[in-house]
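A short write-up of the structure that comes next.
In the text below, chain A, chain B and the rest are named by the order of the sequence lines, each starting its count at 1. Just so it is clear, the model here is predicted, and its values are computed rather than measured. Values below: all heavy atoms of this structure, side chains included; hydrogens, waters and symmetry mates excluded.
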Number of protein chains: 2
Amino acid sequence: MPEMQDEYTPRQRAVLDKALGLLVEGGERALTTAGLARAANCSKESLYKWFGDRDGLLAAMIAHQASKVRARIDSGEKLDHGRFRAHLVDFANDLLQVLSGDVSLALNRLAIGQASREGSRLGALLIERGRHGIDKRAGALLEAGRQRGLIAYHDRDAAYHTFYGLIVRDLHVRMLLGEAGVRRPENHAALAEEAVDQFFVLFGVRKGETAGRDRV
Amino acid sequence: MPEMQDEYTPRQRAVLDKALGLLVEGGERALTTAGLARAANCSKESLYKWFGDRDGLLAAMIAHQASKVRARIDSGEKLDHGRFRAHLVDFANDLLQVLSGDVSLALNRLAIGQASREGSRLGALLIERGRHGIDKRAGALLEAGRQRGLIAYHDRDAAYHTFYGLIVRDLHVRMLLGEAGVRRPENHAALAEEAVDQFFVLFGVRKGETAGRDRV
DNA sequence: TCTCTATCGTACCGTACGGTACGGTTCTGT
DNA sequence: ACAGAACCGTACCGTACGGTACGATAGAGA
């Protein structure tokens, strides 16, 4: 049977899942090689054989988690205003749900905590493996809307970053800081709707117009 | 001479500054009690006497840093549209400058890294001592603009959070992750201007109107 | 059945850190 | 001048972690 399904064997993926569980539950300090070996019923020797060292394990955890949540691309066929708006709302909801997830928060905390050390590539890895997929999806979505004449912008990245800011605001950092009462999944829908409304005010094209408002 | 100027003696403040320096330079791992005692020419015994334990030291560092950057309140006298806009741009610039500062990033990384541990109050401390001042200033500013009829909103906090999102976008998290090429102080002015422009599009009141647009 | 490989469990090592103790020194108040 | 407090530098202790080594075990292939 072919065990080269992805990048790691099923056994290794199970260990990585255990590692993510330890990280979510107790933070970086709880993720020790001995503790992981005990929790996953494997030997420390195997950990070092598979992942090299502790940093390799952390990188593997990020890659493993990213491989699980593949960002899908909405192929916008028959894109009228209503469907486009619905797609934007879906994106906003998905973004809020991903960012407020336990594993996402734990991995971001881990990468941020290591960001000061010199040779740490965890932050870049997290952005590369996690964020770029989301960015691609949003970029394709915005581009489709622009080509249909539903929105207008000069710089797609700028428009996307503004959209991102309208959705996330300061929620991500506050969740990362562990502020009590910030993680309210029941409010995500309202936040997403409001962000999309505001995005259309800034970048929407009214009927009859061919270009959006200019700024600066 | 009275040494109760603030909360710590000058000697203790010098030690806390050294601690901040170590934290900025090498992250949390570089901030050891022995290392700080060596760098600050003090004894470990004094550190424990002054700050209790390591967590007390970290909390003291946050309090000390917050006491240095007291957020000023712009008393908006003679507030016409131009002056109000200038105040908003100033706020946006200050916010970007603070968030991208070395010490701010280091302390946020520290608090975020500790956020998973149970009894950690660093995140709450950071928000309470650092962010609330900024929030107060922005709240007063927005309220003054609303009373002059320059902007309109139903929920001041919501308007402020939107403004915050327009200014900061995802820059803060990316800087915290250490992404290369994100910290560009020379772009802050343009970002601030654009955010204020967009904020006025969303919440500004045109001449003759008495209420802003409604949403939802 | 025999052998080889991968893995497990455990023990081990060196290091580094948080926290404490103590002798010597400087400063302060009387 | 003297006593007391505060403080410095160093040594010390216990622990915990990253990483390595080793014997035991189980499964795959000839």
Whole Å only: how far is the [atom1] atom of [X] from the [atom2] atom of [N]?
X	N	atom1	atom2	answer
B:L58	C:dC17	CG	P	15 Å
B:L47	D:dG9	CG	C1'	13 Å
A:R29	D:dC17	CZ	P	8 Å
B:L36	C:dC17	CG	P	13 Å
B:Y48	D:dA6	OH	P	20 Å
A:D53	D:dG19	CG	P	5 Å
A:Q12	C:dC8	CD	P	10 Å
A:E28	D:dC17	CD	C1'	12 Å

With a cut-off of less than 4.0 Å, is there a side-chain N or O of [X] near OP1 or OP2 of [N]?
X	N	result
B:S46	D:dC7	no
A:S43	C:dG9	no
A:W50	C:dA6	no

Legend entry - Pair of N/O donor and acceptor under 3.5 Å linking D:dC7 base with B:E45 side chain: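 Check fails, no donor-acceptor contact within cut-off.
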Legend entry - Heavy-atom side-chain proximity of A:V168 to A:L191 below 4.5 angstrom: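 Heavy-atom side-chain distance check fails, nothing below 4.5 Å.
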Legend entry - Nucleotide nearest A:R11 (side chain, heavy atoms from C-beta), chosen from D:dG19, C:dC8, D:dG18: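 Selected nucleotide (nearest to the side chain): C:dC8.
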Legend entry - Closest nucleotide among D:dG23, D:dC7, C:dT20 to the B:K44 side chain: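 Minimum distance to the B:K44 side chain belongs to C:dT20.
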Legend entry - Toward the 5' end of DNA chain C, by each residue's nearest nucleotide, A:N41 or A:K49: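 It is A:K49 whose nearest nucleotide is closer to the 5' end.
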Legend entry - Basic-acidic side-chain contact under 4.0 Å: B:R117, A:E28: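 A salt bridge is absent here (no side-chain N lies under 4.0 Å from a carboxylate O).
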Legend entry - Salt-bridge contact B:R137-B:D90 (side-chain N to carboxylate O under 4.0 Å):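 A salt bridge is absent here (no side-chain N lies under 4.0 Å from a carboxylate O).
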Inset, instruction - Could you check whether the rings of B:F163 and B:F199 sit parallel, tilted or perpendicular, using 30° and 60° as the cut-offs? - result: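 Plane angle between 30° and 60°, so tilted.
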Legend entry - Neighbour count above 12 (heavy atom, 6.0 Å) for B:K68 NZ: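 Yes, because the 6.0 Å sphere around NZ of B:K68 holds more than 12 heavy atoms from other groups.
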Inset, instruction - Between A:G52 and A:T32, just flag the one whose closest nucleotide in DNA chain D comes earlier from the 5' side. - result: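 The residue mapped nearer the 5' terminus is A:T32.
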